[in-house]
Asker: 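Pasting in a structure now, in structure tokens, and then I'll have a few things to ask.
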Amino acid sequence: MAAASSSEESTRRILAAVRAIPAGSVAGYGEVARRAGLPGRARLAARVLAGNEDPALPWHRVLRADGRIAFPEGSSGYREQCRRLRAEGVRVEAGRVRRAKGPRDLDEAVWGPEQ
DNA sequence: ACCGTGACGAGCA
DNA sequence: ATGCTCGCCACGG
């Protein structure tokens, strides 16, 4: 699949990738970018979310690669994201999504729905 | 055109 | 785990 060219299309693809994250699971910015056909463009994914206005977009399911919430702790965005994630049954502790411990498939198991 | 900034990420100390 | 550097790139000043 060819990489997206116009910024408009990149934005469209990134939004589609975010909408594709199932409720109860999360994805990293870089992962979203990859799924959008834009490897290495995590910052673009972040920018797109920052400018999004669609209230139906599940932006709260996107986290940093280390599982932490990207907003500064205590900010309104931080609190809102925490709240929305918990409402979907995602475990959040100290601004970071709780992953089960132990070896597992890195992608699906780590970022998949809480077990 | 240059530079600082940012809802980032991988690598390395 | 924590912190830093560097790569990435769109934007605003």
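A, B, ... follow the sequence lines: proteins, then strands. Residue 1 opens every chain.
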Asker: Using atom CD of A/E93 as one end and atom P of C/dA1 as the other, report the distance to the nearest whole Å.
Answerer: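 So the CD-P distance, A/E93 to C/dA1, works out to 13 Å.
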Asker: Can you give me the N/O atom pairs linking the protein to nucleotides 2-7 of chain B at distances under 3.5 Å, or say none if there are none?
Answerer:
{"unit_1": "B/dG6", "atom_1": "N9", "unit_2": "A/R43", "atom_2": "NH2", "d": "3.0"}
{"unit_1": "B/dG6", "atom_1": "N7", "unit_2": "A/R43", "atom_2": "NH2", "d": "3.0"}
{"unit_1": "B/dG6", "atom_1": "N3", "unit_2": "A/R43", "atom_2": "NH2", "d": "3.4"}
{"unit_1": "B/dA7", "atom_1": "N6", "unit_2": "A/L49", "atom_2": "O", "d": "3.4"}
{"unit_1": "B/dA7", "atom_1": "N3", "unit_2": "A/Y29", "atom_2": "OH", "d": "2.7"}

Asker: Output all residues satisfying side-chain contact (heavy atoms from CB on, under 4.5 Å) with A/A17, sequence neighbours left out; order by chain, then residue number.
Answerer: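 Counting only residues at least two positions away or on another chain, A/A17 forms a side-chain contact (heavy atoms from CB on, under 4.5 Å) with A/V32, A/R35, A/A36.
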Asker: Taking salt bridge (charged side-chain N to carboxylate O under 4.0 Å, His left out) as the definition, give me every residue that meets it alongside A/E93, ordered by chain and number, with sequence neighbours left out.
Answerer: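 Per chain and number, A/E93 pairs via salt bridge (charged side-chain N to carboxylate O under 4.0 Å, His left out) with A/R98.
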Asker: Say we look at C/dC8 and B/dC12: how far apart would their P atoms be, to the nearest angstrom?
Answerer: 16 Å
Asker: Round to a whole Å and report the spacing from CZ of A/R34 to P of B/dC8.
Answerer: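 Taking CZ of A/R34 and P of B/dC8, I get 16 Å after rounding.
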Asker: Using distance only, find each side-chain donor-acceptor pair of residues 53-62 of chain A under 3.5 Å and give its atom names and separation, not counting sequence neighbours.
Answerer:
{"unit_1": "A/D54", "atom_1": "OD1", "unit_2": "A/A56", "atom_2": "N", "d": "2.7"}
{"unit_1": "A/D54", "atom_1": "OD2", "unit_2": "A/R19", "atom_2": "NH1", "d": "3.0"}
{"unit_1": "A/H60", "atom_1": "NE2", "unit_2": "A/E88", "atom_2": "OE2", "d": "3.0"}
{"unit_1": "A/R61", "atom_1": "NE", "unit_2": "A/E88", "atom_2": "OE1", "d": "3.1"}
{"unit_1": "A/R61", "atom_1": "NE", "unit_2": "A/E88", "atom_2": "OE2", "d": "3.2"}
{"unit_1": "A/R61", "atom_1": "NH1", "unit_2": "A/I21", "atom_2": "O", "d": "2.8"}
{"unit_1": "A/R61", "atom_1": "NH2", "unit_2": "A/E88", "atom_2": "OE2", "d": "2.6"}

Asker: Closest nucleotide of DNA chain C for A/L44 versus for A/R68: which of these residues is on the 5' side?
Answerer: A/R68
Asker: Taking side-chain contact (heavy atoms from CB on, under 4.5 Å) as the definition, give me every residue that meets it alongside A/R12, ordered by chain and number, with sequence neighbours left out.
Answerer: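 Partners of A/R12 under the side-chain contact (heavy atoms from CB on, under 4.5 Å) test: A/E9.
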Asker: I'd like to know if the side chain of A/R68 and the backbone of A/L63 have a donor-acceptor N/O pair within less than 3.5 Å.
Answerer: no
Asker: A/G30 near the nucleic acid: base, sugar-phosphate alone, or nothing, with a heavy-atom cut-off under 4.0 Å?
Answerer: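 A/G30: backbone/sugar contact only, no base atoms under 4.0 Å.
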Asker: Check the distance between C/dC11's P and A/E8's CD and give it to me in whole angstrom.
Answerer: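 Answer to the nearest Å: 12 Å.
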Asker: Mind checking what makes side-chain hydrogen bond (donor to acceptor under 3.5 Å, both in side chains) contact with A/R83, not counting sequence neighbours?
Answerer: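 For A/R83 the side-chain hydrogen bond (donor to acceptor under 3.5 Å, both in side chains) partners, ignoring immediate neighbours, are A/E80.
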